[in-house]
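Data block below; observations after.
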Amino acid sequence: MFKDTNCGELRKEHAGREVRLAGWVNRRRDHGSLIFIDLRDRSGIAQVVFNPQTAPQAAKMAENLRGEWVVGVRGNVVERPAGTENSKIPSGDIEVQAVELEVFNESKPPPFYVNDDSEVDEALRLRYRPIYLRRQRIQNNLVLRHKIIQQMRRYLDTRGFLEIETPILGKSTPEGARDYLVPSRLYPGSFYALPQSPQQMKQLLMVSGYEKYYQIARCFRDEDLRADRQPEFTQLDLEMSFVEQEDILALMEPLYTSIVEEVTPSKHVTKPFPRLTYKEAMEKYGSDKPDLRFGLELTDLEPAVRGTQFQVFRQALTEKGVVKGITAPGCAGYSRKQLDDLTQMAKDKGARGLITIALEPGASTVDSLSMEHVRSVAARYFTIDEVKGMAHAVGAKPSDLLLIVAGAHQMVNTVLGALRLEIGKRLHLQDKDHMKFAFVTDFPLLEWNAEEKRWNSAHHPFTMPHPEDIQYLESDPARVRAWSYDLVCNGIEMFSGSIRIHRRELQERIFQVLGYTPDETKEKFGHLLEAFEYGAPPHGGIGAGIDRLAMIMADEDNLREVIAFPKTQSATDLLFGAPAPVGQQQLQQVHIKVSPPEQK
RNA sequence: GGCCCGGUGGUGUAGUGGCCUAACAUAUCUCCCUGUCACGGAGAAGACCGAGGGUUCGAAUCCCUUCCGGGUCGCCA
C-alpha cells in the first residue's frame, strides 16, 4: 500500500505519528519557501506542509505541484500552531509535516474545477465524467446511493428475502415501453429484448416457491428522456407470495422510513404514511402522485355557484362537468403578467381558460367583503354572495387569489393539479428536508387508449382486479379498480406495485379485454399462463425506483447527479461515444443490414 | 415529433446593431513572499464569439439553416 492513513480521518489524536498519505492535490498555497498542500482522497482533505528547512528535497519538489496531481507523502502529524487551526475541515486541528514526496502522476489543468461546486456545462460533465466524479458533491451522492442500497439489502435480508438475479437478455413483450433490442447471431432475424423490468420473471419465481424475492435490477426503456428518466435505471424489484396488499405496504413503510432515518437523518419523515385512494388524490390534488408537503387542495365550488349567471360556469355544470378551485395565499396582488402566465399554463394543460378572483386586502374578513375588493375579469357576473361562497369553500381570505377552472371533470383536476404545484413552487412550500411519503391505492385497472381505440393496463396486465369489480371487466371496464398501490414522495413516484393474478382463467380474461386474440395471448404470454396451471400461489410485489429516491434524498433535481455514468437527453454517452456504428463484419454476424434513414 | 432555453479565452460569466482592437473572475505561465487554507502581490499569454449562409455601410448582437447540451409536451404498461 502507498498509504496507511486516510486524509480526512486525521485528528488531534494522531499527532506525533508518522503517516503515509496518498491522494490528489486539491489546492496548493505557495508562500515562497513554505508550501501548503491540501491533499484529497475519498475520505476528505488533510493539509500537508513542506518546509525547506526540515525537508529541503521534498520542498523543492513541492514547488512544481499543481491541482489534480497524484502524490504520496510521508510525514509527521503535528498539531497546528495556535491560531492557525482551520475549523472548516474535520482535520483542521492538525497538519502533516512532509518528510518525503513522491509524484505518482502529473495532471493537465482539468477541464473544470474539481475542488469547488461551480457550474459546469452538462456536456463537459458527461464528456469528462471520470474527472467530474472526483467532485465532493457527486461523491457524496454516490455514497448516499450506496447506503440506500445497503439498507435495502440489510432490511430485506433480515426479513427472509432472497436476492436472485434474472436475465438481461429476454423476450420482447407487447404493452409498455419500447424495448431495447439485441440481435441474435444464431437465429437470423430474431432478437432478444432488454427487460423493462423483471416482472414476469419474478412472478415465475413465486410459482417456483421462493416466496420472498428481491433484486437490485437494471431496467431498460427506449423512450424519450426527462430530468427524472434515463434509458437505463435501477429498481428495487420485489415479490412475495401468500400476501395481500396490506402485507406489502406494511413491509415497505418501515423500509423507507429506515432508509431515510439511517442515511439522511436530517430529513423529516411523517409517520405513519398517509393513504389516499387514486380518486381522492385526483379530486384533492389533481395528481396520482401528489406533493403532500403543502395543502392548497382542490375544492368543488358547485354549491357556491349553482345559481350563477356566469355563463362559463353554468355551461360546465349543465354539461356534467365541474367547477373547482384552489387558493393562492397572499397572491391577490399578482400582476396582469403573472395572471396571464397562470392562464397560459392552464390552457397548455387543456383548459379553455382560467378564472382568477383576487380578494384585495381592503376587507378584514371574507364576510365583510364587498365587490370593490374583488378583482376579476368575471367580477361583474358574480354576486358578492357567490364570491363569498367560493372564498369560504376554498378557505381563502382577503389578500388571497382564487384560481378556478370549469369544464370536464378530469381536465379540471389535471389543470388545477398543475396550478397547485406551480403555486406551491412560487410560494416555496416544498421543503426539501421533508420527505412526505404517502400510499396511493385503488388505481383503475384499465385506461382507454383513444388513439388505438382499445383498453390499456393502467399498471400492467398482470395486476389483480379488485374482487368486487371483476364482474364489470367486460361490461364496464372503466369501473374496475385494481389491487395496485403506489408510494409517492414529494410529488414523485417512489414505487408502483400490485397484487398479481395467479389463475390462468382470470389472466386470459384480462388479455381478452386488452384486445388480444387467444393465439396472440398464447404466443406472447404462454409461458406465464402455463406456469399458472402448475400451482401458482397468490402473490404481489413492487418495483421501486432507486435513482429517484437517491435523487430526492441528495437534494438533486436531476438523475444524472446520482448516476456514475448517465446518458444525455438524446440517450447518448458522451464519454464512450455510444451508440456507435459497428463494422460490416459485426453486422453480418448478427444478420443485420442497416438502411439509412430517409432524407428529409 | 412539437414548443422553449442555452452555446463568447481552459472554466464560469458580462456584453443583445457602431463605444468590442470583446470585459470580469478564476485557471495557466513568469517573478516575489515562512503560517496560509478560495493565501497574497507584480506581470504575461490566452477567445474573432458552436458551424454555415444571409440582412446591413457595419453583426458576438438581427434573420435562416444546421450541430451540440438542457427543460418540457407527446411518449414512458
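In the text below, chain A, chain B and the rest are named by the order of the sequence lines, each starting its count at 1.
Surrounding CD of A:Gln57 are at most 12 heavy atoms belonging to other residues, nucleotides or ligands under 6.0 Å away.
Nucleic acid contact class of A:Thr572 (heavy atoms, under 4.0 Å, all strands): sugar-phosphate only. Across all strands, A:Arg226 comes closer than 4.0 Å to base atoms (heavy-atom distances). Across all strands shown, A:Ser33 has heavy atoms under 4.0 Å from base atoms, whether or not it also approaches the sugar-phosphate. In this structure, A:Arg127 reaches neither bases nor backbone, as no heavy-atom distance under 4.0 Å exists between it and the strands shown. Backbone-only contact: A:Leu574 has heavy atoms under 4.0 Å from sugar-phosphate atoms and none from a base.
At distances below 3.5 Å, not a single donor-acceptor pair connects side-chain atoms of A:Arg178 with backbone N or O atoms of A:Arg221.
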Exercise. What is the per-nucleotide protein-contact pattern of nucleotides 35-44 of chain B, from the 5' end, where B denotes a base atom under 4.0 Å from a protein heavy atom, S denotes such proximity for sugar-phosphate atoms only, and - denotes neither?
Worked result: BBBSB-----

Problem set entry | Per-nucleotide protein contact string for nucleotides 8-14 of chain B (B base, S sugar-phosphate only, - none; heavy atom under 4.0 Å) | --BBS--

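Residues A:Asp41 and A:Ser43 bring a donor and an acceptor atom of their side chains to less than 3.5 Å of each other.
B:C48 and B:G2 have their C1' atoms separated by 35 Å, given to the nearest Å. Comparing the same atom, C1', in B:C76 and in B:G1 gives a spacing of 15 Å after rounding to whole Å.
Under the rule for a salt bridge (charged side-chain N to carboxylate O under 4.0 Å, His left out), the partners of A:Asp341 that lie at least two apart in sequence or sit in another chain are A:Lys337.
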